[in-house]
Amino acid sequence: MTALRGVGAALAERLARLGVTSVADLLFLLPLRYEDRTQVTSIGALLPGTRAAVEGEIQLTEIAYRGRRQLLSRVSDGSGMLTLRFFYFSASQQHNLARGTRVRCFGEVRRGPLGLEMVHPEYRRLREERVALEETLTPIYPLTEGVPQGRLRALIADALRQLEHTGPAELLPADAGLPAGMPTLREALDYLHAPPRGARLAELAAGHHPAQRRLAFEELLAHHLSLKLRKRALRTDSAPALADEPGLARRLIAALPFGLTGAQSRALAETETDLAGDAPMVRLLQGDVGCGKTVVAAAAAARAAGSGAQAALMAPTELLAEQHWRNFHEWFAPLGETVALLSGTTPARTRRSALAAIAGGEIRVVVGTHALFQEGIEFANLALVIVDEQHRFGVQQRLRLSEKGRRGGRLPHQLIMTATPIPRTLAMTAYADLDISVIDELPPGRTPVKTVVVPEQRRAEVVTHIVEACRSGRQAYWVCPLIDVSEELRAQAAEDTAARLAAALPGVRVGLVHGRMPAAARDGAMLAFKAGKLQLLVATTVIEVGVDVPNATLMVIENAERMGLAQLHQLRGRVGRGSAASSCVLLYRAPLSALARERLKVIRQSADGFEIARRDLELRGPGELLGTRQTGLAQLRVADLMRDADLLPRVQQSAERLLESHPERVAALTRRWVGGGERYGRVG
Ligand code: ADP
Ligand code: MG
């Protein structure tokens, strides 16, 4: 690093902290955006809100006291007058900007009290008549602690010059399957660090330029390869082969009051094949809300128990953990298996005895929250880790639980369940370290939920629907989502709503659950609702994931216009779980923006999680549909999984080809883009 001019030990160390340890690394530190300083705009043509370069002569420079001391400099170029305003300045600056001085300045134009102005522009004095303008767009790099923009710009320009002949190494061979029309690595880097005058800034800002796509392709390829390698490495570990001689899984399925759907059977068969093998399974079980992932998980757990080993199911909320425990208890008790529940609210004595039985191996099936991997839980023989609604967990948490099961080099199997709809090619890239089973079918006999969008003024009318539902023996949810406020305020709102509804509905038994209630009260309400003793459950979004009460057929969601589509879809998935017709009422506060109207229309018209996610993406632009947190992917520098999704099939082909024909390049590629593993964080 110190090979570069002017880079001493101190700067080298600061750069190292940014992951830059070689001259070549510098080139992969890419600009966030660009500024066009290649042309001068006449002052008369300046537009407020834009950034521009202007040239002119100082007419007057003075210190003013307008609220606070400041330096004001008035510049004219014959077409108009511009004020430069400095709150921090030195005595020499006032002198430098003396009347008659010619300056070129660059900054954001805004409207000020004296007309157009720039606050703290960058400027230089022009001594000669003609001073060359920048030839290329000016890159703005991400803020890098202790390395100023100008310094970084110069360093990178130096690096580009120094590596003119040698590199950085082109790691994609001609037969790697790079899409046609993409520049070479060198061309792409040259372009991105110094785009020529006239480069399309909008295209660059959107990340659609071929130079960016070239790097995005390579980055996605590197990440995909590293996940594939991780999977390979994992498969060389061993895991307990679960034979389930007594056929516990088969008996659990046979005892269900329903038969599995074709999709469930397929997913279970794929899972069981893996579990019977002695390589650790890492399988993603994907399926829309209500498709019936839980029984598949239970059958897998039964297979572990039937093999004399242990299974642990981790749920993201207490509510969900309790519900799973109840289901599991019902399914496992007839098989003679005790199911333990471990959550943050388990009483100490129960917990102690459960821990002893888990450590001793007498309890083979354990359900819990993240409390499962936190403190001192020892498993005698953990062979299967199941994670429900995995988008609520980070990859790290999942891996930590799996590490708990490591015994003498043997790892437990993992089954990861998610309702997040992920398009297939995307899943295959972002989850290349996992195998995937999809449940793409709902249990038979479900009637689609009818969704209506209603302004808040018609609340009274909605309340009468609740009475009707309750009178015919059905149950209802009333969700007060109130986003962007504290848990405290949300709880308050839910309490108020429950009180008002109880007053308005004298014949209806109203219950309440929210995040601030004591666990026992919340469990009590949930259980009473499940048992049909409560008819209307007023809730915050704590019921968003997993809650399953098939007799509930009506859901009212307040402030629906402010919620994400994915969240609405999840919430709505709480009804329509039985055979009776269900409905969902989305209450909104008028007026609706055009976008909000469009979004509510999507949720009204579609019941398909994939379709909703796709439309959401179109309306919102790429977002957090697939947070990096939940995939095995570390932070991406150039690529964006959604924006660059069209590259993914090629990336997969390319990865196969490199692994087969150019294995020596794979390590260099992953080192360049993924780093030495520390980006994933170590497990432990
Ligand atoms: P999710 O995939 O959203 O976790 P659940 O596992 O909670 O869905 O299942 C939703 C509901 O469907 C539960 O009440 C469950 O008992 C029921 N169910 C699951 N599989 C079937 C099936 N094959 N036939 C009928 N009902 C089913
Ligand atoms: Mg579920």
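Start at 1 and go down the list; that is how both ligands and their atoms are numbered. One is the number of the first residue; the rest follow in order along the sequence.
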Chemist: Hey, is the main chain of Ala249 close enough, under 3.5 Å, to the side chain of Asp244 for a donor-acceptor pair?
Modeler: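 Yes.
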Chemist: Taking only heavy atoms of Thr294 into account, list the atoms of ligand 1 that are under 4.0 Å away from them.
Modeler: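 Reading through ligand 1 atom by atom, the close ones are 4 (O), 5 (P), 6 (O), 7 (O).
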Chemist: Against heavy atoms of Val289, which atoms of ligand 1 measure under 4.0 Å?
Modeler: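 Selected atoms, number and element: 3 (O).
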Chemist: Mark yes or no for whether Gln310, through its side chain, and Ile358, through its backbone, hold a donor-acceptor pair below 3.5 Å.
Modeler: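 Yes.
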Chemist: For the pair Arg574 and Asp548, find out whether any cationic side-chain nitrogen is under 4.0 Å from an anionic carboxylate oxygen.
Modeler: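 No, this pair does not count.
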Chemist: Would you mind telling me if ligand 1 is within reach of the side chain of Arg446, the backbone, both or neither, using heavy atoms under 4.0 Å?
Modeler: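 Side chain only.
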Chemist: Compute the shortest N/O to N/O distance between Gly290 and ligand 1 and return yes if it is under 3.5 Å, no if not.
Modeler: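 So ligand 1 has an N or O lying under 3.5 Å from an N or O of Gly290.
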Chemist: So if I count the atoms of ligand 1 from 1 in the order they appear, which ones are less than 4.0 Å from some heavy atom of Thr261?
Modeler: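 Selected atoms, number and element: 23 (N).
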Chemist: Does some non-hydrogen atom of Cys291 fall short of 4.0 Å from ligand 1?
Modeler: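 So Cys291 counts as touching ligand 1.
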Chemist: Would the distance check show the side chain of Glu558 and the main-chain N or O of Cys480 forming a donor-acceptor pair, the cut-off being under 3.5 Å?
Modeler: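 The answer is no, because no donor-acceptor pair under 3.5 Å joins these two groups.
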Chemist: Between Met417 and ligand 1, find which residue part has any heavy-atom pair under 4.0 Å and reply side chain, backbone, both or neither.
Modeler: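 It is neither part, as no heavy atom is under 4.0 Å.
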Chemist: Which pairs with one or both residues in residues 604-613 pass side-chain hydrogen bond (donor to acceptor under 3.5 Å, both in side chains), sequence neighbours excluded?
Modeler: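 Output for this query lists Glu611-Arg614.
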Chemist: Would you kindly specify which portion of Arg577 sits under 4.0 Å from ligand 1, judged on non-hydrogen atoms: side chain, backbone, both or neither?
Modeler: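 The answer is the side chain.
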Chemist: So, regarding Val295 and ligand 1 (criterion: nitrogen or oxygen to nitrogen or oxygen, under 3.5 Å), is there a contact or not?
Modeler: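 No, since none of the N or O atoms of Val295 sits under 3.5 Å from an N or O of ligand 1.
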Chemist: Only one of Arg577, Gln475, Gln535 passes side-chain hydrogen bond (donor to acceptor under 3.5 Å, both in side chains) with Asn551; say which it is.
Modeler: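 It is Gln475, the one option of Arg577, Gln475, Gln535 that forms the side-chain hydrogen bond (donor to acceptor under 3.5 Å, both in side chains) with Asn551.
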Chemist: Could you list the atoms of ligand 1 found under 4.0 angstrom from a heavy atom of Gly259?
Modeler: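 Those atoms are 22 (C), 23 (N), 24 (N).
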Chemist: Is there any side-chain hydrogen bond (donor to acceptor under 3.5 Å, both in side chains) pair reaching into residues 295-306, and which pairs are they, with sequence neighbours excluded?
Modeler: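 Listed by first then second residue: Glu272-Arg303.
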